[in-house]
There are 2 protein chains.
Amino acid sequence: MPASALRRPYRREGEEKRRDDLIAAAMALVAEGGTEAATVRAIAARAGVTPGLIRHYFQSKEELTHAAYRHVMESMTQEALRASESLPEDDPVARLAAFIAANFRPPVMTPAVVGVWASYMHLGRNDPVMHAIHEATYLGYRDRLQDLIAALPRPADPARDRRQAIACNALIDGLWIEGGSLPNSFATGEVQRIALDGIGAMLGVRFPASAYSDTSDTSDRKTAP
Amino acid sequence: MPASALRRPYRREGEEKRRDDLIAAAMALVAEGGTEAATVRAIAARAGVTPGLIRHYFQSKEELTHAAYRHVMESMTQEALRASESLPEDDPVARLAAFIAANFRPPVMTPAVVGVWASYMHLGRNDPVMHAIHEATYLGYRDRLQDLIAALPRPADPARDRRQAIACNALIDGLWIEGGSLPNSFATGEVQRIALDGIGAMLGVRFPASAYSDTSDTSDRKTAP
DNA sequence: CTGCGAATTATACGATTGAACAATAAATCA
DNA sequence: TGATTTATTGTTCAATCGTATAATTCGCAG
């Protein structure tokens, strides 16, 4: 046969960019159609490459999945942390409020992100690596929350702080899941208000009114090129 | 060829029993290995039949999945409701406490049940029927919880009750998820205690000590044959 | 400008999936 | 008992999955 003659032209890219592109493509597909939509072929098409390339950068599809899951979970914790650290260190109540509120607006609470979380979570039941990532990111988030709680102006009591951190974390998780998966069942800002009221009651703290109206979204920040 | 000669012997069963068996088999497989383990062939093998029979009772595998999901969700609400209704109607605090506590012991809070929930939940993102089941069972559970909250001895305030029901439901969900998926991260009874303390603080109610020690498990109740 | 290594494409393979369908045996009823 | 219904089996099919691998082409060193 006279040979196919046509072969898709391509550009060589740095390893880091290709890995990031593939992770982003996998996340986008999972957000849209769940884990079963993130096939090797679909990921490659979304990233603008051919399926074979995935195995050039990841030993298996499983490895790419692990990288994507880790990325999703860590970026949520970092987003909340960044919000809290934007406030003065000598106002622990405001810092805690900012940390909480950040979980209930984009880019953290969106149907897409909640969908990705739910899709990946069920993989943790059989895949030990996924389970370890879940455990590490969960405990990491909770430890940050416990630090903020421990910084409140009141007598120290580590055991109480631990229990309260678990409770606050659970309340945030539950509200985040339902607010993200049933967005039409709640008014704008309602979930955020319920979270602040509930945590305020559990901790015996009254958050300032400014914490309730904060709807700033930092998701369009550009990172240095 | 001289014909296979051997054909597996079988018994005819009632439609109801066969449907229940297939649903139970699907749930067991999902609990063990996630949705991807619940293939038509595996479900049939677990139920003791051959794959073709599934399509005799369910128009598609999807229909069987819907039935199984609905069953899991509704049975959890009913288990909590049964616990609350076992107490006198004139003690709304105790009834609420029993409802809450029931969520944090078997048969509701087990790694298997949480795994089934997580596995099925991610299907709701693309499947409208699964989403509708999620929404209906979530709102149904929350309404029961709101009824118990509204029955507390205090001035009526439906808007407040709604917000508190959402918060309490979220706290229960979050604790149930983490307690079921990371059982080794919590001491026995710790999650239940944290839930009662947290909800008590949010509602301004003090639950009796008896609510904390209740670890009765009604899962081995036999239903009438 | 030329050759070489590596990034990328293209194709193929074996396994598994949900579904479809004809064959058969168990139960029912006359 | 004998005929009939239908619950159940066994097999096949097309589609799709992750993976493997050979064939190419890009980009850089000399």
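Residue numbers start from 1 in every chain, and the chains themselves are labelled A, B, ... in the order their sequence lines are given, proteins ahead of strands. Keep in mind the model is a prediction, meaning the values are calculated, not measured.
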Engineer: How many Å lie between CD1 on B/I54 and P on D/dT9, as a whole number?
Structural biologist: 11 Å
Engineer: For B/E13, which contact category applies under a 4.0 Å heavy-atom criterion: base, sugar-phosphate, or nothing?
Structural biologist: sugar-phosphate
Engineer: Go through A/I177 and B/I177 one step at a time and tell me if the side chain to side chain contact (heavy atoms under 4.5 Å, CB included) criterion holds.
Structural biologist: CA-CA 11 Å; A/I177 292 169; B/I177 292 169; 3.6 Å; yes
Engineer: To the nearest Å, how far apart are A/L53 CG and D/dT19 P?
Structural biologist: 15 Å
Engineer: How long is the line joining NE2 of B/H56 and C1' of C/dA23, in whole Å?
Structural biologist: 15 Å
Engineer: Could you tell me whether the phosphate oxygens of D/dT24, OP1 or OP2, come under 4.0 Å of any side-chain nitrogen or oxygen in A/Y10?
Structural biologist: no
Engineer: Using a heavy-atom cut-off of under 4.0 Å over every strand shown, decide if B/R18 touches base, sugar-phosphate, or nothing.
Structural biologist: sugar-phosphate
Engineer: Which whole-number value in Å describes the distance from B/H66 NE2 to C/dG18 P?
Structural biologist: 14 Å
Engineer: Send over the distance from B/I43 CD1 to C/dA19 C1', rounded to a whole Å.
Structural biologist: 14 Å
Engineer: Walk me through it: do A/E36 and B/H122 pass the test side chain to side chain contact (heavy atoms under 4.5 Å, CB included)?
Structural biologist: CA-CA 10 Å; A/E36 64 269 17; B/H122 93 279; 3.4 Å; yes
Engineer: Ignoring hydrogens and geometry beyond distance, is the side chain of A/R55 in donor-acceptor contact with the base of D/dG18 at under 3.5 Å?
Structural biologist: no
Engineer: Closest nucleotide of DNA chain C for B/K61 versus for B/R12: which of these residues is on the 5' side?
Structural biologist: B/K61
Engineer: Does A/R11 reach a base, just sugar-phosphate, or nothing at all? Heavy atoms under 4.0 Å.
Structural biologist: sugar-phosphate
Engineer: Looking at A/R8 and C/dT9, is any side-chain donor or acceptor paired with a base atom of the opposite kind under 3.5 Å?
Structural biologist: no
Engineer: Does a donor on one side chain sit under 3.5 Å from an acceptor on the other, for B/H66 and B/D127?
Structural biologist: yes
Engineer: For the pair B/E85 and B/R82, find out whether any cationic side-chain nitrogen is under 4.0 Å from an anionic carboxylate oxygen.
Structural biologist: no
Engineer: Using a cut-off of 4.0 Å on non-hydrogen atoms, how would the nucleic acid contact of B/V40 be classed: base, sugar-phosphate, or nothing?
Structural biologist: sugar-phosphate
Engineer: Is there a donor in the side chain of B/Y138 and an acceptor in the side chain of B/D143, or the other way round, less than 3.5 Å apart?
Structural biologist: no
Engineer: From CD of A/E36 over to P of C/dG18, roughly how many Å is that when rounded to an integer?
Structural biologist: 12 Å
Engineer: Under 4.0 Å between any heavy atoms, over every strand shown, what does B/T39 touch: base, sugar-phosphate, or nothing? Just pick one.
Structural biologist: sugar-phosphate
Engineer: If you look at every strand shown and take non-hydrogen atoms under 4.0 Å, does B/F58 touch a base, only sugar-phosphate, or nothing?
Structural biologist: nothing
Engineer: Closest to the B/R41 side chain: D/dC26, C/dT9, D/dC13?
Structural biologist: D/dC13
Engineer: Measure the distance from CD on A/E15 to P on C/dA7 and round it to the nearest whole Å.
Structural biologist: 8 Å
Engineer: Grab the CZ-P distance between B/R7 and D/dG10 for me, whole Å please.
Structural biologist: 6 Å
